[in-house]
Amino acid sequence: MDAKTQELLRRKEKVLWPSYFLYYTEPLALERGEGLYVWDVAGNKYLDFFGGILVTSVGHSHPKILERVKEQLDKIVHTSTLYLHENIIRLGEKLAEIAPGELSTSFFTNSGTEANETAVMLAKAYTERNEIIALRNSYSGRSALAMNLTGIAAWRPVGSEIPGIEHAMAPYCYRCPVKSTYPQCGLACAEDVENVIRTSTSGRIAAFIAEPIQGVGGFVVPPPDYFQAVADIVRRYGGLFIVDEVQTAFGRTGRFWFGIQHWGVEPDIITTAKGIANGFPLGATITRPDIADVLPRKGLSISTFGGNPVSSAAAIATIEVLQENDIPAHVEKMGALLREGLERMAETYPVIGDVRGMGLMQGVELVADRKTKEPSPQAAAMLLDETKARGLLIGKGGAFGNVLRIAPPLTATEEHIHEALEILDHAFAAVQDALG
Ligand SMILES: Cc1ncc(COP(=O)(O)O)c(C=O)c1O
């Protein structure tokens, strides 16, 4: 480890909570980024295929975004929402342009957690009910409510403290909760939503919340028809369908602007954050006007920083760049290329148990044994070190920490994908060799 990284590590340990865990056996200290590449404090260059957890949608230091942000900084940094400012309105217009169906009105906050808090609060106010159905293996954020919605024990440090939240089976085909396969399973995981409503709630639910693809849970893609079946059940019981697109929005899954569109379902509320402003803090909760209208009637709600002029300027510019480059179509093509390469590796390396995902959100689940599917978090940790050593940054996740998460900026080109695949191939060869 270079001297600067060692020094930063020492200083961090003195003043930052240990809960700031770091990737890699030898942690990485970043200094700058440009496009798809980042440089560490020792001057080493890396191809960034994780984008700071799916945040840098159009690459680091994108000139158009920096220009708009600098322009805004010179005018006014903060106004609060008590005064009109064109940026937050323009951003609302942009989201209304790309959001599906009747979802045309937004409330802005500063994070995915707050976007989910806002969605659940709105659903409760609208339905005048309190109970929420979430999914196992899900991640919703780090507020008390969001941690309780989360379905991964490791991310719930204080356990359950908010009543009225029940978790249904995860639509996790590789580790099917009823040990079946699609379509013979008869969508038992979707049926479970109804079972949970009938057995564990009053039967009068406010909402169901789910990610189109479970992100932190290891890029778990629900089977076809799943969300259609679940939305029917949820609506039959009078609940709203909230879709958490914190990771999956803005073309990430290819072909569409939002992940849920692959299932042909129109949600009542969409939450998003991460990739919306290419790194500037911003969360959005998007819904139909008839649902949003309930709030001022029921009570007040404000976010001091939410939708501030600077983050909004970054978000408008980000969405413009995505639109100018027809990103959903581009991601569909690049995603197919990435997927093909990963599937080829699965034929060679037995440590790969499953390859899954959509667009530029591809997961590789690693196992100690393909038959027993015993998770191998050890292989995932080794893969991270081996890819970093060869100049590639990727992420990991999953309830067992054994899923590689590969999610480059949406502007990744064929050359970037080939470069990443070549490094991954060498890294897999090294890890498979070491594991025997
Ligand atoms: C699906 C999903 N929802 C919500 C969140 C919480 O977002 P934030 O960390 O911005 O509060 C995350 C963060 O990883 C997420 O992946």
Side-chain angles (χ1 to χ4, degrees), residues 17 19-21 23 50-57 107-123 132-152 154-157 165 167 170-172 207-222 227 241-250 252-253 258-260 262 267 269-286 303 305-308 311 314-315 318 357-363 394-399 401 403-407:
W17 290 12
S19 62
Y20 286 102
F21 66 90
Y23 269 176
F50 201 39
I53 326 184
L54 296 84
V55 167
T56 45
S57 298
F107 187 91
F108 295 105
T109 49
N110 308 288
S111 65
T113 299
E114 288 173 87
N116 285 336
E117 283 272 353
T118 306
V120 170
M121 182 259 287
L122 182 67
I132 306 288
I133 309 295
L135 291 181
R136 295 181 190 149
N137 202 51
S138 66
Y139 183 83
S140 293
R142 60 174 300 285
S143 65
L145 173 68
M147 285 189 291
N148 277 246
L149 293 170
T150 292
I152 302 172
W155 294 103
R156 306 169 109 248
I165 296 171
H167 292 85
Y172 192 168
F208 166 84
I209 182 166
E211 304 151 81
I213 296 176
Q214 294 187 320
V216 174
F219 289 4
V220 169
V221 185
F227 283 116
F241 180 36
I242 303 170
V243 65
D244 175 344
E245 299 252 10
V246 167
Q247 297 207 8
T248 49
F250 306 107
R252 169 63 61 189
T253 59
F258 292 89
I260 194 65
H262 289 277
I269 305 176
I270 288 180
T271 64
T272 190
K274 291 200 192 290
I276 190 171
N278 213 44
F280 288 83
L282 190 73
T285 307
I286 317 166
S303 169
F305 298 119
N308 74 81
S311 287
T318 302
M358 280 185 175
L360 288 175
M361 188 171 180
Q362 296 291 331
I394 56 171
K396 68 185 170 89
V403 183
L404 302 181
R405 294 197 289 163
I406 305 171

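Counting convention: from 1, in listed order, for ligands and their atoms alike.
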Original post:
Hey, does R142 sit under 4.0 Å from ligand 1 if you only count heavy atoms?
Top reply: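 For ligand 1, residue contact (heavy atoms, under 4.0 Å) with R142 is absent.
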Original post:
Can you tell me if G215 has a non-hydrogen atom under 4.0 Å from ligand 1?
Top reply: no
Original post:
Can you tell me if OH on Y23 sees more than 12 non-hydrogen neighbours from other groups inside 6.0 Å?
Top reply: yes
Quick one: look up the protein heavy atom nearest [atom] and list residue, atom name and how far away it is.
atom                    : value
atom 13 (C) of ligand 1 : K274 NZ, 3.1 Å
atom 8 (P) of ligand 1  : G112 N, 3.5 Å
atom 16 (O) of ligand 1 : Q247 NE2, 2.8 Å
atom 3 (N) of ligand 1  : D244 OD2, 2.7 Å

Relative to the heavy atoms of [X], which atoms of ligand 1 are at a distance of less than 4.0 Å?
X    : answer
G141 : 6 (C)
E211 : 1 (C)
N116 : 3 (N), 4 (C)
S111 : 10 (O), 11 (O)

Any donor-acceptor pair under 3.5 Å linking the side chain of [X] with the backbone of [Y]?
X    : Y    : value
R136 : G151 : no
S311 : F280 : no
N137 : G217 : yes
R405 : G218 : no
E211 : S138 : no
T285 : A115 : yes

Subject >> Contact check: E114 vs ligand 1, nitrogen or oxygen atoms, below 3.5 angstrom >> reply: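 No; every N/O pair is 3.5 Å or more apart.
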Original post:
Taking distance alone, with no angle check, do V216 and ligand 1 share an N/O pair under 3.5 Å?
Top reply: no
Subject >> ligand 1 versus S140: contacting region, heavy-atom distance under 4.0 Å >> reply: backbone
Original post:
What distance do E245 atom CD and I269 atom CD1 have between them, rounded to the nearest 0.5 Å?
Top reply: 13.0 Å
Original post:
Per the side chain to side chain contact (heavy atoms under 4.5 Å, CB included) rule, which among I242, V243, T109, T113 passes with T271?
Top reply: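 Only one of I242, V243, T109, T113 forms a side chain to side chain contact (heavy atoms under 4.5 Å, CB included) with T271, namely I242.
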Original post:
Between the candidates L54, T271, T113, which shows the shortest non-hydrogen contact distance to atom 6 (C) of ligand 1?
Top reply: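 Selected option, by shortest heavy-atom distance: T113.
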